[in-house]
There are 2 protein chains.
Amino acid sequence: MTKSRQAPKRERILDVAEELFALRGYDGVTLRQIAKDAGVDVALASYHFGKKLDLFNAVFERRAAHLNSARLDALKACQASAGAAGPSVEQIIEAFLRPLELAQETGDPGWQNYLALIAYINNSPYWGPRMMSKLFDSLVSAFISALRDALPGARDEDIYWCYHNLSGALTLTLAQTGRIDKLSGGKCRSADFQAAYDHMIPFVAAGFREVCGRANGR
Amino acid sequence: MTKSRQAPKRERILDVAEELFALRGYDGVTLRQIAKDAGVDVALASYHFGKKLDLFNAVFERRAAHLNSARLDALKACQASAGAAGPSVEQIIEAFLRPLELAQETGDPGWQNYLALIAYINNSPYWGPRMMSKLFDSLVSAFISALRDALPGARDEDIYWCYHNLSGALTLTLAQTGRIDKLSGGKCRSADFQAAYDHMIPFVAAGFREVCGRANGR
DNA sequence: ACCGCATTTCAACAAGCGTTGAAAAATATT
DNA sequence: AATATTTTTCAACGCTTGTTGAAATGCGGT
């Protein structure tokens with residue numbers, strides 16, 4: 001069995017597919033476009049990945065495990081560094097979000113495209129339920145469980161709705177639509193990840209505390 | 001020039017296109033699918049709307065003016081009812097969001113589909129910058145301006161980033177992906193609009209106040 | 001130098017796409 | 001009742017799509 005050194009064309013197909021799928025969605029991209037941008041024959045995508053949907057899944061899964069474990073590690077680390085009282089809401093949210101910022105800040109456009117693709121999938125009524133669950137549910141559950149401990153007395157329902165709001169704010173940030181750039185007249189730039197997360201974290205933490213505050217009166 | 005009574009088939013095409021575009025996106029839907037679901041010949045869509053892209057725009061614009069003025073009216077009403085000090089952050093956000101809840105609660109699935117389509121467009125790096133600006137920018141500016149008054153001393157940059165988070169949370173809610181349903185084990189339902197907005201409003205208001213708080217120290 | 005296997009290209013397919021011009025049907029005008 | 005206009009269908013076009021089988025190329029083992 002030959003070790004078959006990593007053929008660069010295979011990766012190039014994944015890279016281009018990642019970029020185009022993130023920009024135009026699954027149906028907005030043709031295999032021929034991908035092949036052309038990758039400098040490769042059309043049939044090569046089918047040879048390596050099978051059907052178009054399989055290529056889509058391959059793109060989705062290529063970085064999923066790495067991203068998942070990075071976020072889970074961050075959560076564990078913040079739990080370990082916190083005392084017996086456990087980490088604060090800010091610390092948990094920070095652990096949930098910062099690995100994404102770091103990925104975007106590597107300068108590797110692949111990660112930015114990948115996260116924009118995740119945003120596309122997560123916001124889609126069709127793809128979201130079909131693809132997000134299997135890979136991200138356990139991570140989200142761990143995160144929610146940590147939040148439950150940090151918010152004693154909070155109702156589960158409230159925590160889930162707050163998470164929903166967090167997920168939405170994050171998703172739009174990942175999508176990198178550039179809308180905020182125009183709206184703010186250049187004062188905010190979607191590509192300024194640090195500013196985005198620096199504002200998102202206290203925003204979300206305050207929301208959690210307001211809605212899930214101790215005396216859970218409504 | 002005949003008055004040409006409203007042909008019902010034209011509206012049926014719009015309704016079906018609205019529903020399918022919201023679910024699968026622009027490229028995920030064919031004119032033949034739309035025509036079939038509407039019980040109509042393929043050519044009829046071209047006759048009424050021209051190219052496929054024109055139909056997409058027609059769907060987008062059909063309800064845009066109505067929605068925009070409803071939200072603007074709500075903003076004016078809350079400004080009028082408030083004293084000289086102007087409305088609070090909660091009141092402004094409420095005015096921004098409640099008309100959407102009301103539209104979703106009419107029971108007319110058309111409005112739900114339409115708002116899911118808006119979510120699709122707003123979250124798309126391709127369609128967002130292309131379609132959202134022309135129709136929604138003035139509304140958002142009015143809303144931001146009101147927030148500026150309600151948050152004296154806040155930096156514009158902070159306000160815009162907070163609006164970005166609000167927009168994200170709202171977008172995911174409009175998309176109705178149903179992810180929260182599964183995650184929460186049924187405790188939260190995406191179709192329970194009242195619960196969604198009841199949680200979103202205090203969440204967002206608290207975020208604004210935290211990030212744009214009076215002593216704008218960071 | 002030859003062989004076996006993985007990789008890549010070539011060529012072509014059947015199906016479905018958006019679009020269009022002309023015919024048919026329905027509706028309005030006179 | 002006859003005519004003009006709008007609405008709808010029919011039939012077809014040129015093109016692109018995803019996919020496939022066979023041929024060509026590259027490459028490590030012997």
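The model shown is predicted, which means the values in this text are computed figures rather than measured ones.
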Interatomic distance, B:K36 NZ vs D:dT9 P [rounded to whole Å]: 15 Å

More than 12 foreign heavy atoms under 6.0 Å from CZ of B:R189: is that the case here? no

Watson-Crick and G-U pairing of DNA chain C written in dot-bracket, each distance under 3.5 angstrom, with | for inter-strand partners: |..|||||||||||||||||||||||||||

Over how many whole Å does the gap from A:K9 atom NZ to C:dT8 atom P extend? 6 Å

Would B:Y197 and B:Q104 count as a side chain to side chain donor-acceptor pair (under 3.5 Å) if you check the C-alpha gap in whole Å, the side-chain angles of each, and the deciding distance to 0.1 Å? CA-CA 11 Å; B:Y197 289 93; B:Q104 287 177 310; 3.0 Å; yes

In terms of side-chain geometry, is the basic nitrogen of B:R63 or B:D108 positioned less than 4.0 Å from the acidic oxygen of its partner? yes

Should B:E11 and B:R62 be marked as a salt bridge (Lys or Arg N to Asp or Glu O under 4.0 Å) after you check the CA-CA gap, both sets of side-chain angles, and the distance that decides it? CA-CA 10 Å; B:E11 288 295 305; B:R62 175 167 59 151; 3.0 Å; yes

Please answer whether the main-chain N or O of A:F96 pairs with a side-chain N or O of A:R71 as donor and acceptor at a distance below 3.5 Å. yes

Can you check the A:L44 CG to D:dG18 C1' distance for me, whole Å? 15 Å

Between B:K9 and B:D15, is the salt bridge (Lys or Arg N to Asp or Glu O under 4.0 Å) condition met? List the steps. CA-CA 10 Å; B:K9 294 199 176 185; B:D15 289 340; over 6 Å; no

Are any of B:H48's side-chain N or O atoms less than 4.0 Å away from OP1 or OP2 of D:dT8? yes

Is the A:Y120 to A:F21 ring centre distance short of 6.0 Å? no

Under 6.0 Å between ring centres: does that hold for B:W161 and A:F203? no

A:I34 CD1 to D:dT17 P: how many Å, rounded? 11 Å

I need the OH-P distance between A:Y26 and D:dG18, as an integer number of Å. 8 Å

In whole angstroms, how far is the P atom of D:dG18 from the CD1 atom of A:I13? 14 Å

Reading nucleotides 12-24 of chain C from 5' to 3' and marking B where a protein heavy atom lies under 4.0 Å of the base, S where only the sugar-phosphate is that close, and - otherwise, the string is B----BBBB----

In whole angstrom, what separates A:F56's CZ from D:dT17's P? 18 Å

Identify, with sequence neighbours excluded, every residue that meets side-chain contact (heavy atoms from CB on, under 4.5 Å) alongside A:A77. none

